[in-house]
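Taking it in order: structure first as structure tokens, then the write-up.
Keep in mind the model is a prediction, meaning the values are calculated, not measured. The sequence lines fix the lettering, A, B, ..., with proteins before strands; numbering per chain opens at 1.
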Amino acid sequence: MLNTKISRRTFLKASAAVGALATLGSGFTTLPNARAAEAAAGERIVPSICEMCGVKCGILVRVRDGRVVKIEGNPKDPQANGRLCARGNAGMKTLYDPDRLKGPLKRVGEGQFQPISWEEAFQEIGEKLKELKERYGPQTLVWLAHPELIAPWERHFMAAFGSPNYTGHAPTCYSSRNVAFEQMYGGVPGTDYANVRYYMAFGRNLTGGIKNPDIQKIVAAKEKGAKLVAVDPRLSEFAFFADEWIPIRPGTDLALILAMIHVIINENLYDAAFVAERTVGFEELKAGVATYTPEWAANITGIEASTITRLARELAAAKPAAAVDPGWHAVTGSQYFNSLQTARAVAALNALLGNLGAKGGLTFPAKVKLGDPSPLMGPKPQAINAPRWDGAGAGKWALIKAHGMVQLFPQRVKEDNPYPIKAVIINHLNPVRSCSDSQAFIEALKQLELVVVIDIQMNDTAYYAHYILPESTYLERYDPVMTVGNKVILRQPAVPPLFDTKGGEEIIAGLAEACGLGEYFRFTLEQYNNALLAPFGLTQEKLAQEGVVEVPAEKPDYTKLNTPSGKIELACPAFVKVGSTLTPAWEPPKVQPKEDNFRFIQGHVPMHTHTTTDNNAYLMALMPENELWIHPSRAAKLGIRSGDIVEVASEVGKVRVKARVTEGIHPEAVFLAHGFGCLVPVRRLAYNKGANDSMLIPIMAAPVSGASAQCETLVTVRKVG
Amino acid sequence: MARLGMVIDLSRCVGCHGCSVACQAEWELLPEQHFTKVYRYEVGTFPKVHGGVVVTQCMHCDDPPCLKVCPTGATQKRPDGLVVVEESKCIGCRYCETACPYGARSFNKERGIVQKCYFCYSRIDKGKKPACVETCMAGARFFGDWDDPGSEVNDILKTKNAIKIAGTAFAYVPPRNWLMDRSLLPPDFQEPGAVRIWQDLVRPAGKAAMGLAAAAVVTSLLVNTFNKGGVHRAGKED
Ligand code: SF4
Ligand code: SF4
Ligand code: SF4
């Protein structure tokens, strides 16, 4: 069990001290009849950007009497098109969450915090950072983040500080997909969902892990008659939405894809002209897949050979408007040891369909050339020579410099090698629940001399921080401008901050000033945005009026890819250099469940985002807890019925959760939705609801990609109530 | 005279609950109040399992029993077919909740009144679409006038073989990926009693509370239904 000493009183005291606004979120009382009459009068509409997930749809925020009353999709926004998902619609419940962070806090004991002023917090953190830098060198500081619009500021801070250790969340999400496509395609393409005629998703739960624009497009394609195929060990949201569900044995997607490549090459179903002009290494690929017959794959995947052959033929018949989704988190992204090989196979299969740049195929986005803000940003930071804390970018990890291995943090903190890590700043990330082995992460945080967390809520990581710096929510702050296709879009406050919080940029600049790096941050966010917008004759102020403005964008050139050959590298020597194969090849998953245990699989649900929405009253009312999906045949042997409480145990941890006995899951696996099991008492809606999947996942790094391989976890399940 | 109603295309609906929350925000509902509900079902035995979602709300019945039992006249039917509640007249007696065959009414415990989907009259009177229709990422919801032969709802009814729920303002386009059984949709309107059982057929997606009881009913009902057809078999859940 995590230590959850009651801290509510201390926390409440902290809240009371910084302002009496805490009750704002409760008790809507406006009568519907009255509202209709009022609606026209005195309502302000602020165009901005949603942050209920990372997609950043354009929103129109309706504000009445200084209060956000509703959030709607911005019809001018290319992603939202006037529509929003459940989470986007629920945004005001995050803004008015009574359990939000309301001012800076300093840790005074286990689970105990007291208010501190921003000035004092900055000063104390700055002193400590200077001291640690002096003692251990600048590389002793690691910055962990879910990189968002403010990421360039975070990187600038780390560069100024002199540490190479800015680290994102890639290995828990997408690093194997990125590594595969970066090496083979020179970048990660998207899918032209709107025009696809045949679409296959390997584990990509398009309608479960929701991206609003992708949903709008895939539904349009379905309407126009596209066939949608979901390959997944579980009847996911996309599996029931698709035309066909292929209930594959978990961890074996790679075999199915290799066999499809085999069929398409053997039966000459590939786009020969495209392969000749735009790829290299076809002969090597052909030789590589020679033994991967559908019969071979049938044995491994549990999917009939005839089905595999049929899928390959159907897919090829629809080319080039046929696409296999590069994916995100899941099979190609991070979940298995063979995820990188799987992503490479997906990349090769798409190339055989000749779909890169074709209508309904894979696409690179148009690029907007923003202005250069660097003249504002102080002296040029000195080059950094220290190796990264996680070894990314060197030796066998040569291909993952941009992705890192955040999940290794707990081990690395213990090792002190090649240099000690003593301080961490964590922004917009909750690694205690989003990385592997929660307990290990907590132990690591306890060992550090300085832990600073920047967030809008007291998440499970903040709970172990020395200082918590509360960021204003997306409805209360500006951010650096973003681009989507040929549009520039602005996040701007709909209401002033309700509490004693600051925008990310102010927090970062404040930290910099306090550790003697003020000269790097003598500019405002508005000046920064104006510099980005300068080439279009725009300013932040002008952009604020509409929220979205169209600007010139450069179309991608598919004939000159950013690879050594300029073409798609079906045979890719870069992988050989790091100890892998030249062409995609079969690798079994790392673990194999037996009669008495299960493969643990996890994923997302449509009504929640990671661990960030579990205290949102509207979203928690929709889904207050997760359940362990288990197949009836396995459940019966264990005496488990739907609704029973079960204990799920792995080599690193145990959780208790309700069982959901369902035919919609492969008997070898149990499934738990990610994002539950918060153990911070002050988050009253989230506290102790459902189970935290990260408690169960051992710390691992998949070969080459460094992915965290969440689904290479074996668990036992027993009934306890 | 207009007869306003809705078609929900279950071939498009992804079950995201966007409609539920847009509605809550529009009407400033309590978190536990859902005018618009999303139910998820699963039918069959691994590996041959089908599933999907059914979304429901007040059916704006032709002859609403909720109205008949209301002692104060708070529940009213507008000439355009909308069944609305004049909230200031509601005394919270909750008779209508029992009378409604579709379980569509929702008690607001803070205000002591019963509410329900109003088809967003305050929006449509201004020429806007209901909040659920406007926000739906999948474009699965269509709102219009059944009395207008050229309306979008009539068009979809014809071209997409939608199933009209008799006695109500609703029709559903069934999902295209399997021959969904009619019993998974709200039944045709009948006086209270007979149709009640439908509420137990499908369970709210993501909600644990309904799990056991509802699942048992699904199993028994679907076994019956599908055995007749001889095509699918319901999964056993014990
Ligand atoms: S997908 Fe939903 S939560 Fe994410 S940005 Fe768009 S509306 Fe917001
Ligand atoms: S918003 Fe649309 S897609 Fe989402 S559940 Fe409602 S009807 Fe279905
Ligand atoms: S569905 Fe229920 S609340 Fe709606 S009109 Fe019919 S009886 Fe009344």
Region of B:Lys160 in contact with chain A, defined by heavy-atom distances below 4.5 Å | side chain

For B:Val14 and A:Thr207, work out which heavy atoms get closest and say how close.
-> CG1-CG2, 3.4 Å

Distance col, row A:Phe240:CZ vs B:Glu42:CD, nearest 0.5 angstrom, shows 8.5 Å

Trace of the salt bridge (Lys or Arg N to Asp or Glu O under 4.0 Å) decision for A:Lys70 with B:Glu26 = CA-CA 7 Å; A:Lys70 191 150 186 268; B:Glu26 183 69 32; 3.1 Å; yes

Heavy atoms of B:His17 and A:Leu622 approach each other most closely as ND1-CD2, 3.4 Å

A:Glu223 with B:Arg176: basic N within carboxylate O range, under 4.0 Å | no

Give a yes or no on this: more than 12 heavy atoms of other residues, nucleotides or ligands lie within 6.0 Å of atom CD of A:Glu304.
-> no

In terms of heavy-atom proximity below 4.5 Å to chain A, should B:Asp9 be classed as side chain, backbone, both, or neither?
-> side chain

Which portion of A:Leu206 sits near chain B, non-hydrogen atoms under 4.5 angstrom = neither

What one should report as the nearest heavy-atom pair of A:Pro606 and B:Cys16 is CB-CA, 4.1 Å

For residues A:Ala621 and B:Pro31, report the shortest heavy-atom separation together with the two atoms involved.
-> CB-O, 3.1 Å

If you draw a 6.0 Å radius around NZ in B:Lys77, do more than 12 non-hydrogen atoms from other residues or ligands fall strictly inside?
-> yes

In plain terms, say whether B:Arg123 and A:Glu72 are close enough for a salt bridge, that is, a side-chain N and a carboxylate O under 4.0 Å apart.
-> yes

Expected output: side-chain A:Tyr618 to main-chain B:Leu30 donor-acceptor under 3.5 Å | no

Which heavy-atom pair separates B:Pro47 from A:Pro247 by the least distance, and what is that distance?
-> CB-CG, 3.5 Å

Highest number of heavy-atom pairs under 4.5 Å with chain B among A:Pro667, A:Ala239, A:Gly664, A:Ala80 belongs to A:Pro667

B:Val49 backbone acceptor or donor facing A:Glu663 side chain under 3.5 Å = no

Given the options A:Ile210, A:Leu84, A:Val219, B:Met137 meets side-chain contact (heavy atoms from CB on, under 4.5 Å) only with A:Ile210

What's the spacing between B:Phe46 CZ and A:His631 NE2 if we round to 0.5 Å?
-> 6.0 Å

Looking only at B:Ala22, B:Cys19, B:Ser20, B:Gly139, the option with the highest number of non-hydrogen pairs under 4.5 Å against chain A is B:Ala22

Drop me the distance from B:Gln24's CD to A:Met92's CE, to the nearest 0.5 angstrom.
-> 9.5 Å

Atom CD1 in A:Ile71, atom OG1 in B:Thr135: separation rounded to 0.5 Å?
-> 10.5 Å

By a 4.5 Å heavy-atom criterion (distance strictly below it), what part of B:Val173 contacts chain A: side chain, backbone, both, or neither?
-> neither

Greatest number of heavy atom pairs closer than 4.5 Å to chain A - which of B:Cys13, B:Ala140, B:Ala131, B:Cys136 = B:Cys136

Are the side chain of B:Asn177 and the backbone of A:Ala242 linked by a donor-acceptor contact shorter than 3.5 Å?
-> yes

Identify the two heavy atoms, one from B:Ser11 and one from A:Lys222, that lie closest to each other, and give their separation to 0.1 Å.
-> O-NZ, 2.7 Å

